[in-house]
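Keep in mind it's a predicted model, so treat the numbers as computed, not measured. First the proteins, then the strands, lettered A, B, ... as listed; each starts at 1.
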Amino acid sequence: MDARRTGGSRFGAAETLPPLAEGRRRAFDARSLLVVGAVGLTGAVTLGLAGFSSSAKAVPSFARQTGQPCATCHTAFPELTPMGRRFKLNGYTITGGTEPWEAPPIAAMVLPTFTKTKVQADTPPTNPDGYPIAHVNDNFIMQQASLFYGGKIFDNLGALAQGTYDKASQHTYLDNTDIRYTNTFNFGPLNALVGLNANNGPTVQDVWNTTPAWGFPYVAATLAPAFSPPLTQVENGWGGRTVGTGAYVFLNDMLYLEGAAYHNMSKGMLGTLGQTCPYNSDYIQNVNAWAAAAYPAVPGLPFPAWQPWSQNPQNYSLACSSSSLAYASPYWRVALEKNWGEHSLMIGAFGFYPEVLPGRVMGYGVDHYRDIGWDAQYQWINDVHAVTLKVTRISEMQNLEGTFAQGIATQFINAMGILNMYGVAPIPGNGPSNPINYLMSFKASGTYVWDRTISGSIGYFHVTGSHDYWQYGNALYNTFQTGAIYSNGNPSSAVGLPNSAGLIFDFAYMPFSKGGPELWPWANAKIGLSYTHYLSLYGGTANFDGNGIYYNGSSWRTHTATDNNTLFLYTWVAF
Amino acid sequence: MKVACLRLALLAAVLALASATAGRAQEQGGRQAFEAKVVYCKTCHGLSGEGYRGYYPMPRLAGQQPKYLENQLRAFIERRRVNPVMFNVAHVLTPATLAALTAHFHNLNPPPLGGAPRDNVGLGRTIYEQGLPEANIAACSACHGPEAKGHEEIPRLAGQLYPYTVKSLTYWGRERGQGGVRDDTSAIMVVTTHNLDAAQISALAAYLAFLK
Amino acid sequence: MNAHTARSRIMKRTSAIVAVAVIAALAATPGQTQELPVRNCTWCHGPSAQGSGAAPRIAGQREQYLVSQLHAFHDRSRDNPASKQYMWGATARLSPEMARDFALYFSSLPAEAAEDGDTGLAALGKVIYEQGVPDANVVSCIVCHGPRGEGFEAIPRLGGMSHGYLKSRLEQWGQGYHASARPMPLVARTLSADEIEALASYLSFLK
Amino acid sequence: MKTLRLAFLLWPALLAAASTLSFAEDRPPGPLPKPQLDAKIAYCKTCHGLSGQGFRGAYPMPRLAGQQPEYLEEQLRAFIERRRLHPLMQNVARALNPATLSAIAAHFKELNPKPLGGAPKDLIAAGKKIYEEGVPEKQIAPCASCHGPDARGDGAMPRLAGQLHDYTTQTLASWSKERGQDPLKPDSSAIMQPIAQGLTHEQAAAVAAYLGSLE
């Protein structure tokens with residue numbers, strides 16, 4: 001459900017875009033204002049058409065099933081209230097509204113958005129198949145359309161399953177999915193809510209909005225910006241691509257304990273669920289390298305997979321990460337939530353230990369990660385006001401045994417001119433400089449909602465990590481990089497640091513939180529405006545990547561952190 | 001000592017509260033204050049004085065004899081009739097307010113609240129109209145009148161709440177005529193209430209509860 | 001019989017015992033009848049119905065009161081903000097039979113005192129609760145709600161309800177909400193903010 | 001002495017009368033044991049006042065204190081035999097056996113509370129005049145001639161002193177409708193009949209007021 005953020009994974013998309021394309025610089029001029037206005041109008045029209053509809057993250061089928069308005073479970077959706085958390089913990093089986101046979105627990109959502117960065121991107125964002133579908137800036141896009149199954153299945157079994165069509169990547173996939181069986185037991189003074197759970201990404205099953213899958217910001221542009229900070233394993237990279245099974249217990253409405261294990265999905269399975277891996281990177285790298293040698297360049301050939309790297313580099317770099325989990329990776333979660341009166345306070349921790357086979361390349365070992373998160377959330381909700389304060393700190397130890405070995409092997413192969421059966425090294429660039437790195441991600445945000453309809457949020461994020469030239473890039477390396485040929489996928493930092501920080505502001509209007517229109521009272525909608533301000537990216541502010549491009553034919557422009565400042569306008573409609 | 005201190009503290013609290021709230025009451029003019037007092041009575045005794053069934057039954061005041069009401073309110077103050085709640089209520093009433101209140105309630109005539117068991121109404125009627133001479137139970141109607149409307153100090157019983165009548169008759173001697181006061185009119189009822197058994201009391205109260 | 005078969009027999013027996021125990025435990029789970037989806041209520045009112053947040057304790061509440069309130073939510077005469085938001089929807093499709101069943105079930109659960117009021121105000125609250133403030137036309141609560149706040153028939157049990165809930169109810173009566181719940185609007189109108197605070201504090205400790 | 005003798009004389013008649021009544025079987029003929037007798041007396045006093053001084057209920061309950069036993073017994077019998085009509089007192093009287101009746105009558109004779117009062121004081125003088133002198137123009141004899149100068153009565157003549165004025169007025173007004181109702185069994189109430197009829201309402205009220213104030 002969470003908007004898929006660009007970048008992030010080592011084999012991810014946007015951050016690997018080479019500085020090739022040259023666009024016309026567009027200032028924030030009258031014309032763009034016109035566009036903003038047009039989008040606003042479109043949003044309003046969309047709302048008008050879907051006027052008798054409800055929202056996506058406040059899943060309207062839940063509203064129908066429980067007879068409750070969105071605001072019972074959400075402050076500003078998808079942020080949950082204490083009741084929303086309990087609804088989820090009870091396995092989506094709470095009823096009280098319409099019966100399934102009267103209205104099936106199906107809901108839909110559309111998310112038209114408009115994205116503008118302070119300075120245009122070097123190249124237009126592209127989808128994995130290589131077709132540009134957007135401009136270097138000022139993109140209006142029907143970002144996402146989703147279909148939900150949300151509700152009770154039978155007895156104590158319930159599910160939330162989301163199928164999403166992502167316009168930016170032009171594919172349909174199984175988005176956040178969470179299936180639960182729950183029951184309650186009393187052992188003397190101990191009251192236990194016990195649940196069994198299957199989901200498709202770490203923290204998709206979590207009920208607090210401090211964990212990554214449902215954390216702030218709740219919606220972000222899929223088309224911007226060109227640079228974004230690296231993310232820990234638990235924050236990105238596994239949603240939709242793993243199967244987690246676990247059990248949890250919620251004791252005395254207070255103490256939450258959960259254990260789960262995440263398993264790998266086969267390529268076939270991923271394909272079936274719509275995860276974009278038409279060509280897994282190992283396949284792409286090797287086969288295309290072979291193809292490049294076997295076929296001469298044919299400009300304009302409709303199927304770019306057969307084009308050599310030099311002519312269509314994004315084809316290679318945009319392949320989805322096909323790193324896989326080598327074995328079952330444990331996940332745990334502990335949280336203590338205390339509710340008193342209108343207040344709710346949670347203090348918790350979680351851990352995720354992915355065992356990653358980098359690029360699905362066998363024979364070089366496995367990367368071991370250890371992500372430990374600490375989080376706290378405070379909520380004050382009364383009849384008119386709702387305040388949510390969230391803070392999350394995730395520290396990740398990366399034991400990059402596998403990647404490091406692959407890097408050594410690559411260097412060795414390149415240096416010695418040795419060819420393997422495909423004639424290429426396991427990874428296109430080099431491995432990390434260090435076998436062991438760390439990465440820390442800190443997020444804090446506050447949301448205020450007035451009368452359940454108007455929300456304002458401020459978020460702060462801060463990423464720090466260990467110095468690694470090969471992983472995060474360095475000035476020398478970048479300077480020599482002319483295009484993507486030598487890209488190791490991460491040419492972002494001039495100083496080899498992941499350190500980034502920024503602020504996010506979000507304002508939204510939710511017209512149907514207290515109940516939708518009479519014809520379709522379960523409708524929900526959110527019209528929002530968010531602005532992301534980058535304080536620093538990859539260890540710097542001005543020319544942080546030590547790289548730049550010529551544009552408008554002559555002047556040399558370097559990348560500055562604030563270039564990525566993003567204005568994002570969205571209309572979120574679910575029904 | 002401790003108990004005394006606590007009581008003292010509580011008393012102080014009450015007094016402080018009373019003085020604080022007295023201002024509130026006095027702000028309102030005479031007529032308004034009287035109306036506020038009427039509403040105050042009706043909060044418990046029903047919006048038409050028809051009585052109210054709470055944890056304790058609140059008796060019907062509608063149509064009640066003013067003299068009886070006055071006498072009872074005085075009895076609360078003088079602790080001849082023991083009721084801590086009504087003691088507090090009664091002792092803040094000025095004679096003028098009291099007279100106006102009793103007149104006001106006397107003129108109300110809502111239908112009875114009802115809600116009594118109906119199976120023994122016949123027996124109740126017999127006891128009310130004729131008494132049970134063998135059991136030394138005098139006919140109630142002799143004093144309270146054939147329609148149970150009462151007379152002067154003799155209360156109206158018609159339409160009185162079943163649980164209230166039951167409670168009153170059952171605990172007569174423990175609630176009324178307390179403090180060794182000799183001329184309390186409640187003494188007249190002592191023997192009768194003593195002679196009535198629970199079933200008879202219930203029947204009688206049920207009969208009265210439906211009487212208009 | 002050799003040692004191996006003996007061990008396997010013991011294991012089989014053990015697993016059989018475990019299975020039986022698990023089934024028995026599941027079967028013995030109280031209150032989870034198919035017909036009565038109590039979790040629709042405990043979702044908000046807390047797993048043992050002791051109340052949570054705006055949702056009051058319903059465990060041990062008087063059955064007739066619960067029924068009457070469910071009806072008041074259903075016909076929307078109880079229109080407090082929280083009622084409107086949560087309970088109107090929750091009772092929109094509630095049948096009278098189910099309302100009765102819920103009331104019977106929750107009234108039979110043991111109640112715990114919230115004890116979340118201001119202990120310093122409890123003594124004053126007790127005085128108001130038991131005696132009212134006749135000068136200010138504040139009636140005594142005890143006459144309807146009983147000496148331990150136990151309630152009577154459709155008059156609710158108040159003892160041990162949470163301070164916040166009691167306070168907001170009294171305040172909202174004064175503001176004109178739930179006007180049909182006579183005589184409470186009359187009662188609440190006469191109470192000052194301090195008196196409400198004291199009453200709610202006292203009652204939260206009353207068992 | 002007189003009381004005893006009278007009771008003795010009446011005994012056979014009373015027995016005969018009692019035996020015709022259905023309730024007689026389950027009642028022992030003798031006087032009640034003391035606790036039960038006390039209960040019965042208390043029962044009487046419920047209506048007739050805790051000292052027998054009379055009581056104003058829905059109807060005025062006459063003063064019994066100091067009343068002549070002979071008169072009391074005669075009236076109770078009159079209730080039973082329906083010579084005197086009173087729906088309540090008929091029931092009350094039926095529940096008393098003769099011995100109990102005598103005991104009760106004796107008890108009330110010994111009481112001497114102050115009159116209940118409540119009579120209009122301005123009529124007292126006129127009442128006293130009528131009581132002591134009669135109304136010669138209407139051939140009404142002085143009451144005192146039968147009821148005694150201090151209105152204490154004697155034997156079958158009832159005591160009037162301290163009687164509730166409203167009771168007296170009412171009794172005089174309804175005399176012929178209430179008393180001597182069995183034509184087959186004329187009783188002594190016939191003596192009062194012309195007198196009660198001869199008195200105007202005002203005169204009756206005056207006499208009643210005077211009697212009501214008399215100790």
Original post:
Using a cut-off of under 4.5 Å for heavy-atom pairs, which of D:P60, D:A58, D:G49 has the most such pairs with chain B?
Top reply: D:A58
Taking 4.5 Å as the heavy-atom cut-off, does anything in [range] contact chain D, and if so which residues?
{"range": "residues 104-126 of chain B", "result": "none"}
{"range": "residues 199-212 of chain B", "result": "none"}
{"range": "residues 142-176 of chain B", "result": "B:A142, B:C143, B:H144, B:G145, B:P146, B:H151, B:I154"}

**OP:** Write down the atom of B:E134, the atom of D:K40, and the distance for their closest heavy-atom approach.
**Re:** O-NZ, 4.1 Å
Subject >> Residues forming a side chain to side chain contact (heavy atoms under 4.5 Å, CB included) with B:I188, sequence neighbours excluded >> reply: D:L50, D:F55
Original post:
From D:K45 NZ over to B:N136 CG, what is the distance, rounded to the nearest 0.5 angstrom?
Top reply: 13.0 Å
